[in-house]
Amino acid sequence: MPARKKTAAAEETAEQKLEAPAEKKKRSAAKKPAEVGTDAAPKAPARKRTPAKKKTTPAPAASAAQTIASVSAEPAAPAAPELPQPRRSVAFIGSECYPFVKTGGLGDVMYALPRALAKLNCDVKVLLPRYRCIAQQWQEKMIYRGSFMMDLCADGRSFYVGIMEYVWDGVVYDFIDNEDFFSYGKPYTNLVDDIPRFCYFGKAALAALNYLDWIPDVIHCHDWQAALVPVYLRTLFAATPLSNAKTVLTIHNLRFQGIYNIPTIQYWSNLPDYVFNKDALTQNWVDANMLKGGLTYCDRITTVSGTYAEEIQTPFFGEDLDAHLRYHAGKLRGIVNGIDIQLWDSRTDKLLAAPYGAEEAVAQKRANKLALQAQLGLEENADKMVLGLISRLTDQKGLDLVNAILPALVDGNTQIVVLGTGDARYEDSFRGFENAYKGTVCSYIAYDEALAHRIYAGADALLVPSLFEPCGLTQLIATRYGTVPVVRETGGLKDTVQPFNQYTNEGNGFTFDRYDAGLLLDAINRAKTLYFTERSRWDAMVRRDMEKDVSWENSARHYRSLYLELKP
Ligand code: ADP
Ligand code: GLC
């Protein structure tokens with residue numbers, strides 16, 4: 001993820017970077033554009049229109065339900081599930097989405113929440129950039145839906161917008177295609193490039209909805225990369241049919257805000273002067289803050305856990321926006337994330353050496369542990385306790401605490417597996433520990449989905465000692481795989497992990513409160529004590545974890561209610 005820093009030199013490059021785009025304007029789309037309109041978004045498309053409210057573009061959830069209903073006269077057919085009414089249409093706009101492109105939990109949410117909403121009678125379209133780094137297997141599935149030229153910059157510079165579509169399991173994915181902005185990065189680079197590309201993306205996403213004439217009830221934007229959407233909607237798009245839509249802006253991580261100097265953001269967005277005021281985009285008189293502008297103009301703000309919704313209104317967690325968030329607290333809600341329980345299912349997970357359900361978890365986790373140890377070059381012994389850590393290696397994740405106590409964890413009975421990439425100082429320190437404790441510590445410095453699955457299954461406990469954590473998904477996935485989470489009581493970690501109570505045998509993990517290495521060590525030692533001395537109580541916790549509901553179902557209902565609150 002990009003940092004918030006900027007330099008004067010960087011500003012110049014930002015403008016040079018996309019010089020003379022006219023020549024390289026069009027990405028060679030799968031098919032050539034049928035028509036290339038002129039001018040910006042709000043222009044009427046030449047293609048046939050199908051308004052969302054009357055008859056939407058693919059409405060697979062409904063069609064599935066109808067199909068079931070139509071065969072229900074057959075004796076053996078199951079009854080059609082009751083879909084909640086009324087139907088709602090929602091456009092998700094964000095910068096990543098599993099399995100196309102993912103750097104962290106945002107990608108998981110952009111995948112799982114639309115699918116959960118589709119099951120709740122929502123018609124969901126997900127708009128994302130068509131990055132070149134999206135694997136060929138997905139690029140091949142995209143179908144060209146149209147293209148046009150869109151005015152973007154203050155000097156009238158316009159850019160190509162292509163729409164490539166893929167419909168999958170009840171959700172429509174529309175990829176915004178433009179080679180100038182999306183042919184580099186994985187998917188982020190640095191603010192110099194990312195500010196222009198996300199000024200472009202927010203406007204292009206709205207322009208694409210207008211072009212497709214798909215006017216949703218709600219436009220649901222995610223993080224700073226989509227935060228200009230509510231601002232564009234209430235200004236440059238105010239006279240278009242799209243302005244009937246309501247907007248929700250979800251904060252997945254307040255640390256990232258999209259801050260740059262005012263002239264640069266004004267140039268790339270061509271937003272009117274009046275939005276650059278201290279109550280909207282302007283911050284500290286000289287900077288423009290894209291997230292802050294979005295928070296001002298959206299109809300509802302959500303964040304990904306109830307505790308984080310409280311925390312971000314305080315100076316420590318507020319990242320300089322606490323006062324702004326307190327001002328807008330009336331429209332702020334916390335809705336905790338879930339995980340996709342089909343994607344994360346230890347019973348059917350093909351990546352595991354020995355898939356398992358709650359009943360056979362104790363035996364099968366030992367088999368997965370042996371396979372993991374063999375794969376990673378650790379001593380193969382199922383009696384060792386394996387502690388896992390799967391994380392972006394950044395300050396947010398409490399890794400300085402882990403570094404401080406790691407030598408104290410190496411006691412002959414414990415192994416440590418780290419999977420992550422990120423800041424060089426953490427990558428180096430974990431590599432150093434692997435060298436110092438060969439066979440006991442493995443630091444796998446990479447992004448590796450398959451290995452992540454195997455660690456969730458083969459580890460006994462998973463560490464998440466974050467400094468702050470808006471929600472956190474690794475503790476939820478661990479829970480589902482019967483791997484006991486050891487977490488710091490902050491944000492979503494506090495809301496999703498109930499500390500083990502040795503008197504009542506309740507709880508599903510181990511927790512500590514203050515950000516202190518000694519307290520992390522203490523929590524791990526409590527876990528170890530239970531594991532090594534009272535295995536039956538540990539095993540019972542493993543089963544409790546696996547039976548806990550960590551799905552999206554409940555939270556998706558909260559989002560649906562929010563949409564209904566906005567458009568009764
Ligand atoms: P964040 O979004 O702050 O990175 P989350 O806990 O919400 O944290 O989500 C992290 C997601 O990324 C999880 O799905 C986790 O399994 C995955 N992940 C993180 N690092 C890696 C890695 N190195 N390899 C594979 N998956 C990873
Ligand atoms: C962010 C947060 C993480 C959260 C994820 C998905 O990346 O750091 O806590 O789980 O978004 O909402």
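We number each residue from 1, following the sequence as shown. Indexing begins at 1, ligand by ligand and atom by atom, following the structure's order.
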#### Entry: Numbering as shown, the atoms of ligand 1 that approach Y456 to under 4.0 Å (heavy-atom distance)
15 (C), 16 (O)
### Query
Among protein heavy atoms, which lies nearest atom 22 (C) of ligand 1, and at what distance?
Y447 CD1, 3.5 Å
### Centroid-centroid under 6.0 Å between Y131 and F100 rings
no
### Task
Would you mind running through ligand 2 and noting each atom that sits below 4.0 Å from a heavy atom of V109?
6 (C), 12 (O)
### Message
Regarding atom 8 (O) of ligand 1: of the candidates Q396, E469, K397, which has the closest heavy atom?
### Response
K397
### Message
Please determine whether any non-hydrogen atom of G492 lies less than 4.0 Å from an atom of ligand 2.
### Response
no
### Query
Considering V304, N337, V336, which one's heavy-atom position lies nearest to atom 6 (C) of ligand 2?
N337
### Query
Looking only at heavy atoms of G472, does any of them come nearer than 4.0 Å to an atom of ligand 1?
yes
### Task
Report the part of S391 in contact with ligand 1, treating N, CA, C, O as backbone and CB onward as side chain, heavy atoms under 4.0 Å; options are side chain, backbone, both, neither.
backbone
### Closest to atom 19 (C) of ligand 1 (judged by heavy-atom distance), picking from I390, L389, N253
I390
### Closest protein heavy atom (residue, atom, distance) for atom 5 (P) of ligand 1
L473 N, 3.6 Å
### Summary
The atoms of ligand 2 lying under 4.0 Å from a heavy atom of N253, numbered in the order shown, are 8 (O)
### Message
Looking only at the aromatic ring of each residue, does the gap between the centers of W138 and F175 stay below 6.0 angstrom?
### Response
no
### Query
Do any heavy atoms of Q475 fall under 4.0 Å from ligand 1?
no
### Query
Can R255 be said to touch ligand 2, with heavy atoms closer than 4.0 Å?
no
#### Entry: From T421, D108, L419 - option closest to atom 11 (C) of ligand 1 by heavy atom
D108
### Task
Cation-pi check, R115 to W168: give yes when NZ or CZ is under 6.0 Å from the six-membered ring centre and within 45° of the ring axis, no otherwise.
yes
### Query
Taking N or O atoms only and a 3.5 Å limit, does K397 qualify as a polar contact for ligand 2?
no
### Task
For A446, counting its heavy atoms only, list the atoms of ligand 1 lying under 4.0 Å from any of them.
22 (C), 23 (N)
